[in-house]
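A short worksheet on the structure shown next.
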Amino acid sequence: MLCCSRNNDKNPIVRNHTKKSRKCFTCLVTCCVFWFLLCVILVTVLVFVGRHMLYNTMPPGYISLITKPGATNYTYSKNSDYLRLSRDVRPMLYKVRLHPHLKDDFFDGFVNISLEVSNPKSQLVVHSKGHTVFSVELRNSVRNFKLLSVTENLKYEVLVITPREKIFAGNYSLSIKFRGKLEKNFVGFYKSTYNRGNVTRTIATSKFEPTYARQAYPCFDEPNMKAKYIVQLVKPKADNYIALSNYPVSGIDTLDDDNEVVTFQESVSMSTYLSCFIVSDFTYTNTTFNNSGNQTELRVYASPGNLDKTTYAGEVAKKVIEYYVEYFGIPYPLPKLDMVAIPDFVSGAMEHWGLVTYRETALLYTNTTHSTANKQRVATVIAHELAHSWFGNLVTMDWWNDLWLNEGFASYIEYKGTDAAEPTFQMMTQFQTSELHSVLSTDATLSSHPIVVTVTTPDEITAIFDAISYNKGASILRMLENTVGEDNFKTGVTSYLNKYRFGNAVTKDFLDEIEAAVPSASYNVSELMDTFTIQMGYPVVTAVYDSSSQNYTLTQKRFLKDPNATYDSDTTYGYKWTIPITYTTDQGVSSEPIIFSHNVDSITIQKPSNANWLKFNSEQVGYYRVNYEESEWLNLINIFNEFSTADRTHLLEETFSIAEAGLLSYGIPLDLSKKLANETEYAPWSVASSKLQSLALYLDSSEQNDNFKTYVKNIVTNAYSNFTWNESSDDSHLRRLTRVVVLTLACVVDHEDCINQAQEKFNNWIVNTEEALSQDLRSIAYKYGMVNANESTWYKLLEVYEAETDANEKLKLINGLANVNNEDLLLRLIDLAKNESVVRGQDYFTVLGYISGNKAGTDLIWDFVRENWEYLVDRFTLNDRYLGSMITTITARFTTQDKLDEMEEFFAKYPNAGAGASSRSRALENVQQRINWLANYKTAVENWIVAVSN
């Protein structure tokens, strides 16, 4: 109804009606406001009551994720930072139960974490990645806590658990029921397969270092969040399946008609990345080792078809670990030691405590199938991983910044362990070529990084598992031991391990114990080592000799491959180092190091009066280079044969490297290379082969290329005639290794007899592959016998490869396939490699590297990677450091500005490098260095070749 039609005050009747209308309108508005407010109040009450009823009808403490798994529902400040978990909440005990569904792609899990809370908290944060969370329960000894929300944060890979009320200091229990993906992705808890006859067998296994335990179970996934474990694994009853974890089995119970639950004994306290879970049908060989008077069981597991290849690993492990028990003066801390060969494994091996896992190539060996190099690799990898039982497991770095405390030490002590197990390998003399030289090259670039480096994200953490943490860490420990003395070093190491056992430590803690073991040192151990750990790079020491006083004056500066590189020297030590200087003369080695402090400009060293010559950095133990005036270099060349094998190796590597940096005429290393004509030892030839092959790359398009190859053939001929293709059962370990190096170099420079022998042996074998080639020489025959192979021969080798079951042999065969000089066949191999049934994912980047190392395949791989980058990222993820490091491998033959431009364009198109960021920088720097080399030194080398060719 309409209350009024229009306003007319002159009519009395209208005036009276208007007053009534105004009163009606006011009432109407008042009523509307009243009912609106009443509705708001009622809705508020209903919501409150509804929520109260909802929480009280749920099981106590239960809350489901409202959002889908993977969605981010922030209930906290957008500025929250969970890169590091709070120290106020620490795990004490994990009770983990995992049920892998081997026929499917998932596993069910349950974890109960006993927590110690030291300060009031409004939230609990635990690491978790890729899980569907079904339930979360938080309780203490008195009651269950109701939860407001459980939220997944993808960026930080955490679950944020928010109770309805603040929790206070005390002990709590956090239980989470979840489901995860069981895929063939090599990290976390994952699926691996192998063929047993015509049947594909599936196992579940794990690899958690550095930040992948969170993919298997919600946890506090940081190295200093140590806790004990009680593990349960569900396994099939049938098909001989077993379950393995860090500790021995305590019981097996029936779950249902098809499955059993295996429970393991409670473990010692350890970091999450050291936990390990395996469900497989593997079998084992076993032995025991002397563990400070007690016998501890040692088992080596493998797939049934590989069981006969586990014996050697057990023999080596027994000798190595008994040596470590004596060396460290501390018993092996666990009640058992298992080693397992995994068919699909991303790393070489992983030191899971009590259950060490390996690639098959790093654990399996027989003397009828594998090469001398394979045997040495098995021994050294075992020695490396078992060293972690003390350095890394018993005492763990506090955070990944100090990764070198784990990996650098294991990389050094593995040489002592292998030497104890296999003294004929002469491992301590191989340290230069196996560990030191490669990292001296890497560390001479601006793209290097300090040993102790700040890392926070998973990508940054993954990236530092590199030559700096491993090789440089090992090299400076070798230098430290030589400086303080072997006995003092050993005393300091044992003191460190005892002081921080079952705990965590930082670099200073280790160095303090070494310092305490050196009672009367005239130098500060920590300061000396800090100059090598907290700043990247290393020095070149220039030695100037004064014949009148017989004094050497030593100065130092940072060594870089690019002498014109610019960098900020405003650092703690200004790129100066405290250097322990040693020297050797014809009268012997200096009695103790002379300390060249970082804060002095120079030092003077008197040449011993009765010495005819002097060479600094005895046996290249120091992590530095030495450069002399040219006249001194010529003197050292003249007496080259008087030096020890290690010093000869040092001089060869040093002269080429310093010349490469523009600090020495190339005539010096090339003149020195003439001495190789009489060389027979492994280490000098190993260096010479590497350096001469690098020159061959630079001179590939030079008019002097043929003359250079002729020169190399001349200096290698004596060694080639000495070693030949004829092997003897009496050949020593090093002689066998040297033969391979010498023959390979001869074939690289087209030595006629070498090429003919390789071709003949390959041709005879491919006709009848049942006639086995020599284990040591088959790689050369496969590679050089296939260079000019036709399509039929290539496919025949492919058949042999696909039928082969041994992982080491498959790599040798596919290297042959990758060396064919036929682009169509190489493209076929690139396509085949994407198929997991042809090339395992763990070997994929190795195969791409083989193809790129073939001149005919370099551009093919580069084009493939650029065109398929998104496929590679989707398959392996940017967190895969092998995807990142692949870039440096496949660009190793690039020497032109055009290629450098293509690299920069590619990186600009895909700027997110993940764990490969440093590898990209290194690849760019390496290519630029090659371009500079061709511009600056190619002519000088060519002139030298012309001179010696006439």
Side-chain angles (χ1 to χ4, degrees), residues 70-72 74 76-87 89 123 125-131 151-160 185-188 207-225 271-274 346-347 350 392 396-407 447-470 504 506-507 534 536 869 872-888 907 910-923:
T72 303
Y74 291 94
Y76 42 83
S77 168
K78 291 183 180 180
N79 295 322
S80 295
D81 188 338
Y82 298 114
L83 284 171
R84 297 287 298 273
L85 298 182
S86 168
R87 306 297 97 180
V89 182
Q123 292 180 332
V125 182
V126 298
H127 285 112
S128 177
K129 183 178 180 181
H131 296 137
T151 306
E152 182 179 18
N153 184 315
L154 288 179
K155 178 179 179 181
Y156 296 108
E157 301 177 356
V158 295
L159 287 179
V160 181
N185 57 3
F186 310 126
V187 294
K207 198 275 185 182
F208 294 153
E209 189 179 36
T211 59
Y212 306 123
R214 65 193 67 175
Q215 294 179 208
Y217 59 102
C219 57
F220 293 77
D221 200 11
E222 297 185 2
N224 60 10
M225 293 287 207
S271 304
T272 50
Y273 77 88
L274 294 174
V346 66
S347 303
M350 176 59 213
T396 311
M397 76 262 141
D398 188 69
W399 181 247
W400 300 105
N401 295 359
D402 288 304
L403 175 64
W404 84 283
L405 283 178
N406 284 17
E407 300 301 348
S447 53
S448 184
H449 65 81
I451 284 182
V452 178
V453 60
T454 300
V455 290
T456 51
T457 69
D459 282 350
E460 291 172 345
I461 294 167
T462 298
I464 63 168
F465 283 77
D466 63 3
I468 299 300
S469 297
Y470 286 71
N504 300 82
V506 297
T507 295
I534 68 173
M536 70 177 86
W869 184 250
L872 294 172
V873 171
D874 182 63
R875 180 177 175 185
F876 295 99
T877 80
L878 287 171
N879 185 247
D880 190 314
R881 65 179 179 271
Y882 299 105
L883 172 62
S885 62
M886 171 196 66
I887 296 296
T888 57
F907 297 158
Y910 298 103
N912 186 4
S918 60
S919 293
R920 286 187 177 187
S921 298
R922 188 173 306 117

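Residues take their numbers from the sequence shown, with the count starting at 1.
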Holding to salt bridge (charged side-chain N to carboxylate O under 4.0 Å, His left out), I want the full list of residues that pass it with R214, two or more places apart in sequence or in another chain.
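R214: salt bridge (charged side-chain N to carboxylate O under 4.0 Å, His left out) contacts with E157, D221.
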Please name all residues satisfying salt bridge (charged side-chain N to carboxylate O under 4.0 Å, His left out) with E460, sequence neighbours left out, ordered by chain then number.
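Listed in chain order: nothing, the list is empty.
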Taking [X] for the side chain and [Y] for the main chain, is one N or O donor matched with an acceptor at less than 3.5 Å?
X	Y	value
T888	S885	yes
R87	L85	yes
H131	Q215	yes
T877	V873	no
W400	P223	no
D880	L883	yes
D459	T462	no

Going by side chain to side chain contact (heavy atoms under 4.5 Å, CB included), L403 matches just one of V453, V452, V455, I464. Which one?
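Exactly one pass, corresponding to I464.
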With W404 as reference, evaluate D402, N406, N401 under the side chain to side chain contact (heavy atoms under 4.5 Å, CB included) test and give the passing residue.
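Option passing the side chain to side chain contact (heavy atoms under 4.5 Å, CB included) with W404: D402.
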Do the ring planes of F465 and Y470 sit parallel (below 30°), tilted (30 to 60°) or perpendicular (above 60°)?
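Rings of F465 and Y470: tilted, 30 to 60°.
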If we only count heavy atoms from C-beta on, is the [X] to [Y] side-chain gap below 4.5 Å?
X	Y	answer
S271	M397	no
T151	Q123	no
M350	L274	yes
Y212	F186	no
M225	T272	no
Y156	L83	yes
S448	I468	yes

What distance do [X] atom [atom1] and [Y] atom [atom2] have between them, rounded to the nearest 0.5 Å?
X	Y	atom1	atom2	value
S918	H449	OG	NE2	6.5 Å
N153	K129	CG	NZ	12.5 Å
L159	Y82	CG	OH	11.5 Å
F907	S921	CZ	OG	8.5 Å
T211	E222	OG1	CD	10.5 Å

Distance-minimising heavy-atom pair for E152 and S128:
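So the two residues come closest at OE2-O, 4.3 Å.
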